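Values below: all heavy atoms of this structure, side chains included; hydrogens, waters and symmetry mates excluded. Both ligands and their constituent atoms are indexed starting at 1 by order of listing. Bear in mind the structure is a predicted one, so any value in this text is a computation, not a measurement.
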Amino acid sequence: MKKFSKIAMLATLLSTGVSAGALHAQTAEVLHWWTSGSEQAALAEVRTAFEAKGGTWVDTPIAGGGNARAAAVNRMLGGDPASVFQFSIGQQLRELADQGLLANVGKIASDESWDEKLPPLIVKAAKYDGDYIAAPINIHGENWMFFNKEALEKAGVDVPKSWPEFMAAAKKLEEAGIIPIGLGGQPWQERIMFNSVLLGVGGRDFYAKLYSTLDDDLLASDTMGEVFETFAALKPFVDESSPGRNWNEATSMVIKGDAAFQFMGDWAKGEIIAAGIEPGSTVGCAFAPAIDTAYIMTVDAFAFSAMDGEEEATPAQAKMAQVMLEPDVQIAFNKKKGSIPARLDVPADSFDSCAQMAIKTLQDPKTHLVSTGLFGVPSSVSGAIDDSISNFWNSADMSPQEGQEQFRQAISNAK
Ligand code: BGC
């Protein structure tokens, strides 16, 4: 635990006369990667609710999902875990449970009937050995396309519904002096755009089959060839300053109209909201062009370290889990975050029009797709997927055929 938090705890202790044990039992160190303006504002809703219930929150923000996940794991392995840490539910979290590093929140989940309140897909993914190992807080979609309406009008283009339409629109935007795509050049962001192309060109069954089987024939197929051709054709529409750019900087380019489109999860919508813009007004949302309708879900959750090797959650961990699923917190948090509530029974009529579109789409189970991690893709394969896509995207002289072959090989070596 950090020094300052110990001092703060001691000060509270002296002023209240509460015993150290009781105070410690209500303290949670929360490690997360929510460092953008909208992410911080959303998380503050959870913090306020946790503190209102007598919890003490020690905040440990670490920029970048990959960095934060690595830090959470390293701290656990080093015997100094953060008691609560952000993670997406899925295979990588199960790998931590396999190593006995996680506590479960099964008791609070059963007291609060999570099984009945969460969608079955999330129930399954958040459980390990029959018990919840994480508190799911939201559902984000990864295959969104945000756009600046004025930029589109200036170039005289409509919102594209297919990838050929997108290419034609991008050309016109370029001629009008507008950067067609605001891209944050980091491997995970490049993968998000790649997966939108994959879904758009291959369709939802192809996407689901590919990532659930990692089948060599599918990876070598003509459809995959077309995916790489299409992805490669986007390269000229991204500006030279893209490498290393953060996702929220790319969103800001779209908000200002410097760039026309961003392919990103709807956490970008959180930034749009934080900028005081009603989503769907000057900045619009649509699904990335695709041959059929689907929603690539990713679920943010908080997991709980096994403190002193204890399998059962501590009182502070259980309180945190409970707070995260409270209806008021689900509403307040998700309205700022850009996501939709993880709970099905929470009224979402006050959410923006893009959120309504997500909710309506998800009513049809055929649209349900999940981000790579959720399928049971091991972390080594997820890493190989990101690296290989990024390598292709950033290699000026790699042909789409070479890119496809490199992707196939990277997956087959890692699986
Ligand atoms: C998380 C989002 C987050 C985004 C950018 C994603 O992995 O699911 O909640 O806003 O990363 O930080």
Side-chain angles (χ1 to χ4, degrees), residues 30-47 59-73 84-93 122 125-126 134-144 146 182-196 244-252 254 262-275 279 285 295-303 324 329-330 332-342 354-355 358 369-375 377 379 382-383 385-386 389-390:
V30 185
L31 189 152
H32 61 90
W33 65 88
W34 282 339
T35 53
S36 83
S38 63
E39 291 173 331
Q40 283 179 344
L43 189 59
E45 295 288 347
V46 183
R47 180 176 183 154
D59 202 44
T60 302
I62 295 177
N67 296 338
R69 286 190 291 269
V73 174
V84 179
F85 60 97
Q86 183 192 352
F87 227 81
S88 315
I89 54 173
Q91 183 58 22
Q92 296 175 34
L93 190 62
I122 296 185
I137 194 161
N138 66 3
I139 302 175
H140 268 304
E142 288 191 349
N143 56 313
W144 286 99
F146 295 95
L183 175 71
Q186 296 168 344
W188 70 273
Q189 300 191 63
E190 293 157 356
R191 181 245 306 152
I192 283 200
M193 188 161 83
F194 176 85
N195 278 345
S196 276
R245 179 186 286 145
N246 285 323
W247 65 272
N248 52 325
E249 292 166 36
T251 308
S252 159
V254 173
Q262 184 186 19
F263 296 97
M264 190 35 61
D266 49 4
W267 42 91
K269 198 181 61 185
E271 292 295 298
I272 295 164
I273 295 166
C285 63
Y295 204 60
I296 305 179
M297 291 181 269
T298 186
V299 174
D300 287 318
F302 283 81
M324 285 185 179
V329 174
Q330 287 268 308
F333 168 85
N334 283 299
K335 280 178 94 163
K336 290 188 173 163
K337 187 69 177 67
S339 39
I340 58 173
C354 309
L369 292 179
V370 280
S371 164
T372 35
L374 273 180
F375 269 119
V377 175
S379 44
S382 306
I385 288 173
D386 284 14
I389 292 168
S390 184

- [ ] Return yes or no for this condition: an N or O of D300 is under 3.5 Å from an N or O of ligand 1.
- [x] yes

Task: Residue that, paired with Q86, satisfies side chain to side chain contact (heavy atoms under 4.5 Å, CB included) out of D300, I137, I62, L31 - done: D300

Task: atom 6 (C) of ligand 1 - nearest protein heavy atom and its distance - done: W33 NE1, 3.8 Å

Task: Contact atoms of ligand 1, heavy-atom distance to K337 under 4.0 Å - done: 2 (C), 3 (C), 9 (O), 10 (O)

Task: V30 side chain reached by F302 side chain, heavy atoms, under 4.5 Å - done: yes

Task: Parallel, tilted or perpendicular: rings of F87 and F85 (30°, 60°) - done: perpendicular

Open item on the list: To the closest 0.5 Å, what do you measure between OG (S36) and NZ (K337)?
Closed with: 7.0 Å

Task: Sub-6.0 Å ring centroid separation between W247 and F146 - done: no

Open item on the list: Is it the case that ligand 1 has an N or O less than 3.5 angstrom from some N or O of W34?
Closed with: yes

Open item on the list: List ligand 1 atoms under 4.0 Å from E39, heavy atoms only on the residue side.
Closed with: 3 (C), 4 (C), 5 (C), 10 (O), 12 (O)

